[in-house]
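Here's the structure we're looking at; comments come further down.
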Amino acid sequence: MTGERLTRRFYRRDPVTLAKALLGQILVRRLDDGQELTGRIVEVEAYLGVKDRAAHSYGGRRTKRNASMWLDGGHAYVYFVYGMHWCFNVVSDREDVPTACLIRALEPLEGIEEMKRRRGQDRETELCSGPAKLAQAFAIDRALNGADLVSSDAVNIRGGRRIDASNIAAARRVGVDYAEGWSKRRLRFFAAGNRHVSRL
DNA sequence: ATGACGATTTACT
DNA sequence: GTAAATCGTCATA
């Protein structure tokens, strides 16, 4: 599996299982000029869909913006927030089950100079240590919304070295204080001790 | 047509 | 620690 593109089967799981499984895998972004940017996934949040007050699909809310959440597992859900930031999610489970995993941080691997240029930052830990930071570093925007990670050349995920359960830490999700009880659930998973996670 | 609000980041006190 | 930046999207009218 290592080095191979992840399959549909990998993605068609519940968002918590998928979030943990995504840790350690390699996000690959091929730019229009052919350059490849890659990074190891080190932080992911799970959004549980219709029942999850913090999810964009809470209560079955379905709009033009969040339509990608209803796609089959393995598609990209890219959304715009706070008037200036893009965030990248991997859709989990099957078609019509609007759950997803928000990729929150990556450990930069290839194309680091390009990422520094796009971020306007020189410190490696400032390149992809947050959902909007990594979107900027990886040139992710609305053009990738709805992309199929199983078949797209522009964006996909390769098998890396999976992070063992004993090295996965769990914490509350970030920025969802409005979600009442759901903000307290530990649905944010990250590689324990990794320097590239958000919120040092 | 209008108003409120973000699954964030950055800079500043 | 607090707050500004900044605007597409959505709900209401």
Side-chain angles (χ1 to χ4, degrees), chain A residues 11 14-20 22-23 27 39 41-71 73 75-93 97-108 115-147 149 155 157 169-191 195-200:
Chain A
Y11 297 109
D14 71 86
V16 171
T17 301
L18 180 60
K20 294 177 188 172
L22 281 169
L23 293 174
L27 179 67
I41 297 171
V42 295
E43 181 179 348
V44 182
E45 280 178 355
Y47 285 86
L48 312 197
V50 176
K51 63 188 175 186
D52 182 356
R53 193 91 169 61
H56 291 160
S57 54
Y58 174 66
R61 189 163 158 281
R62 187 172 189 167
T63 65
K64 185 184 289 188
R65 181 200 193 210
N66 70 8
S68 297
M69 289 189 82
W70 271 261
L71 296 174
H75 284 79
Y77 167 41
V78 180
Y79 67 87
F80 186 69
V81 271
Y82 297 115
M84 60 190 102
H85 301 303
W86 294 96
C87 292
F88 174 77
N89 295 254
V90 175
V91 176
S92 52
D93 221 305
V97 181
T99 60
C101 297
L102 171 66
I103 306 302
R104 288 194 56 89
L106 304 170
E107 179 177 330
M115 295 181 206
K116 286 180 177 175
R117 193 180 68 70
R118 290 184 173 277
R119 284 280 298 133
Q121 286 275 348
D122 211 57
R123 293 181 52 211
E124 285 196 21
T125 51
E126 283 301 318
L127 300 180
C128 301
S129 56
K133 293 180 185 177
L134 71 89
Q136 184 179 34
F138 274 61
I140 290 171
D141 63 19
R142 90 159 54 251
L144 296 181
N145 186 31
L149 304 178
V155 60
I157 302 178
R172 294 169 60 155
R173 291 176 294 183
V174 176
V176 296
D177 291 343
Y178 60 83
E180 301 172 26
W182 285 91
S183 71
K184 295 192 172 71
R185 305 250 331 236
R186 302 178 17 125
L187 293 171
R188 173 181 166 227
F189 305 99
F190 57 98
R195 301 189 311 282
H196 299 274
V197 301
S198 68
R199 306 272 168 132
L200 312 174

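Chain A is the first sequence line, chain B the second, and so forth, proteins listed ahead of strands; every chain is numbered from 1.
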- Item | Test side chain to side chain contact (heavy atoms under 4.5 Å, CB included) applied to Phe190(A) and Val44(A), step by step | CA-CA 6 Å; Phe190(A) 57 98; Val44(A) 182; over 6 Å; no
- Intra- and inter-strand pairing of DNA chain B, written as dot-bracket with Watson-Crick and G-U pairs under 3.5 Å and | for the latter, reads ||||||.|||||.
d([atom1], [X]; [atom2], [N]) in whole Å:
X: His85(A); N: dA7(B); atom1: NE2; atom2: P; answer: 12 Å
X: Asp177(A); N: dT8(B); atom1: CG; atom2: P; answer: 10 Å
X: Leu48(A); N: dA7(B); atom1: CG; atom2: C1'; answer: 13 Å
X: Arg172(A); N: dA7(B); atom1: CZ; atom2: C1'; answer: 14 Å
X: Arg185(A); N: dA7(B); atom1: CZ; atom2: P; answer: 18 Å
X: Leu127(A); N: dT9(B); atom1: CG; atom2: P; answer: 13 Å
X: Glu43(A); N: dT8(B); atom1: CD; atom2: C1'; answer: 13 Å
X: Arg173(A); N: dT8(B); atom1: CZ; atom2: C1'; answer: 16 Å

Taking the side chain of [X] as heavy atoms from C-beta outward, which of [options] is closest to it?
X: Lys133(A); options: dT8(B), dA5(C), dT9(B); answer: dT9(B)
X: Tyr79(A); options: dT6(C), dT9(B), dA7(B); answer: dA7(B)
X: Arg119(A); options: dT8(B), dA7(B), dT10(B); answer: dT10(B)

- Item | Contact pattern, 5' to 3', of nucleotides 8-13 of chain C - B, S or - by protein heavy atom under 4.0 Å | SSSS--
- Task: Could you tell me whether Ala54(A) contacts a base, only the sugar-phosphate backbone, or nothing, with contacts defined as non-hydrogen atoms closer than 4.0 Å?
- Result: base
- Name the nucleic acid region contacted by Arg53(A), choosing base, sugar-phosphate or nothing; use a 4.0 angstrom heavy-atom cut-off, strictly under.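 Nothing, no nucleic acid heavy atom in range.
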- Task: Give the C-alpha distance, both sets of side-chain angles, the deciding distance and a yes or no for side chain to side chain contact (heavy atoms under 4.5 Å, CB included) between His75(A) and Met69(A).
- Result: CA-CA 8 Å; His75(A) 284 79; Met69(A) 289 189 82; over 6 Å; no
- Query: Are any non-hydrogen side-chain atoms of Pro98(A) and Asn66(A) less than 4.5 angstrom apart?
  - Reply: no
- Task: For the residue pair Trp86(A) and Gln136(A), establish whether any side-chain heavy-atom pair is separated by less than 4.5 Å.
- Result: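 In short, these two side chains do not touch, never coming nearer than 4.5 Å.
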- For residues Ser198(A) and Arg104(A), is any side-chain donor paired with an opposing acceptor at under 3.5 Å?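 Yes, Arg104(A) and Ser198(A) have a side-chain donor paired with an acceptor closer than 3.5 Å.
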- Would you kindly check whether a donor in the side chain of Tyr82(A) faces an acceptor in the base of dA5(C), or vice versa, at under 3.5 angstrom?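 A donor-acceptor contact between them is absent.
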- Kindly indicate, with the supporting measurements, whether the criterion side chain to side chain contact (heavy atoms under 4.5 Å, CB included) is fulfilled by Asp122(A) and Lys116(A). CA-CA 6 Å; Asp122(A) 211 57; Lys116(A) 286 180 177 175; 3.7 Å; yes
- Using 4.0 Å as the upper bound for N to carboxylate O, is an ion pair formed by Arg53(A) and Glu180(A)? yes
- With side chain to side chain contact (heavy atoms under 4.5 Å, CB included) as the test, would you mind laying out the steps for Ser68(A) and Tyr79(A) before giving the verdict? CA-CA 9 Å; Ser68(A) 297; Tyr79(A) 67 87; over 6 Å; no
- Message: Can you classify the ring geometry of His85(A) versus Tyr82(A) as parallel (below 30°), tilted (30 to 60°) or perpendicular (above 60°)?
- Response: perpendicular
- Item | N or O in side chain of Tyr178(A) less than 4.0 angstrom from dA7(B) OP1/OP2 | yes
- Examine dA7(B): is either OP1 or OP2 under 4.0 Å from a nitrogen or oxygen in the side chain of His56(A)? Give yes or no. yes
- Between CG of Leu22(A) and OH of Tyr11(A), what distance do you get to the nearest 0.5 Å?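 Rounded to the nearest 0.5 Å, the CG-OH separation comes to 7.0 Å.
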